[in-house]
Amino acid sequence: SEFGLVNPYGGDDPEGWKPNMRIFRMMDILIHSLRRFVQAVLRDEKDQDGKPWHTSDKYVPQSVLDRTAQLVRESSQAKTTAKSAVELFLMCMDEGGLFEVIRKNWKKFFKNAFGNEQAIMNHIDELKAIRDPNFHFRDMTADEQRRLVKKLEVYVVDILSYTELYAER
């Protein structure tokens, strides 16, 4: 395929898909991979009080802890499928929260896990902005939408080339 080893569409052929469907599919794959990646990178981390990373504001911004706790309470399905408290937390955390956890722990944990590529943090910041509810994709021209999709393909391939291989190290 044109993407080489890592496919931002998970092996699907996006030929004929509308730009918003392409973005939806790419983000779905990316977020799924980032959840596993965050769990692998922060696996056994605890704060000074011995609290696991996913319960501590040393690793997770307080607003994300609060938001995710609420989502955990509301999610009966995740409770039945999650194998552990950290998995439940990550399943329920929204993608904005995921991006914030990576940013908060960039220097100490994720920079190294991403091969010291500062560009990756820039990609993640940009993805966070694009995924913001106030980002108006529909107001873009068809041409702008196509360019955005192309840019996202590059970002997602870049990020997945680390997250997908990390688990295998």
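Predicted, not measured: the structure shown is a model, and the values here were computed from it.
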Consider only side-chain heavy atoms of I, L, V, M, F, W and Y, link residues closer than 4.5 Å, and tell whether [X] and [Y] are in one cluster.
{"X": "Leu98", "Y": "Met91", "result": "no"}
{"X": "Met26", "Y": "Trp17", "result": "yes"}
{"X": "Leu71", "Y": "Phe89", "result": "no"}

Check your understanding: Could you walk me through whether Lys111 and Glu117 pass the salt bridge (Lys or Arg N to Asp or Glu O under 4.0 Å) check?
Key -> CA-CA 7 Å; Lys111 188 169 187 260; Glu117 281 295 323; over 6 Å; no

Point to revise | Intermediate values then yes/no, ring-ring contact (aromatic ring centres under 6.0 Å, His included), Phe37 and Phe114 | key: CA-CA 10 Å; Phe37 183 67; Phe114 278 121; 4.7 Å; yes

In terms of side-chain geometry, is the basic nitrogen of [X] or [Y] positioned less than 4.0 Å from the acidic oxygen of its partner?
{"X": "Arg36", "Y": "Glu164", "result": "yes"}
{"X": "Arg67", "Y": "Glu100", "result": "yes"}
{"X": "Glu126", "Y": "Lys151", "result": "yes"}

**Study point:** Intermediate values then yes/no, side chain to side chain donor-acceptor pair (under 3.5 Å), Gln118 and Trp106
**Key:** CA-CA 9 Å; Gln118 186 58 43; Trp106 177 256; 3.3 Å; yes

Calculate, to the nearest 0.5 Å, the distance between atoms [atom1] and [atom2] belonging to [X] and [Y] respectively.
{"X": "Leu42", "Y": "Lys108", "atom1": "CG", "atom2": "NZ", "value": "10.0 Å"}
{"X": "Asp13", "Y": "Asn7", "atom1": "CG", "atom2": "CG", "value": "9.0 Å"}
{"X": "Phe99", "Y": "Leu30", "atom1": "CZ", "atom2": "CG", "value": "5.5 Å"}
{"X": "Ile31", "Y": "Met93", "atom1": "CD1", "atom2": "CE", "value": "10.5 Å"}
{"X": "Gln62", "Y": "Asp57", "atom1": "CD", "atom2": "CG", "value": "5.0 Å"}
{"X": "Ile124", "Y": "Tyr155", "atom1": "CD1", "atom2": "OH", "value": "11.5 Å"}

Review point. Arg35: what forms a side chain to side chain donor-acceptor pair (under 3.5 Å) with it, not counting sequence neighbours?
Key: none

Check your understanding: Looking at residues at least two apart in the chain, or sitting in another chain, which of them share a side chain to side chain donor-acceptor pair (under 3.5 Å) with Lys46?
Key -> none

Point to revise | Whether over 12 other heavy atoms sit under 6.0 Å from Phe24 CZ | key: no

Practice item. Would you indicate whether Lys18, at its atom NZ, is surrounded by more than 12 heavy atoms from other residues, nucleotides or ligands within a distance under 6.0 Å? Key: no

Practice item. Using the side chain to side chain contact (heavy atoms under 4.5 Å, CB included) rule, pick out the option among Leu160, Ile102, Leu90, Leu127 that qualifies with Leu34. Key: Ile102

Practice item. Using salt bridge (Lys or Arg N to Asp or Glu O under 4.0 Å) as the criterion, list what pairs up with Asp143, not counting sequence neighbours. Key: Arg146, Arg147

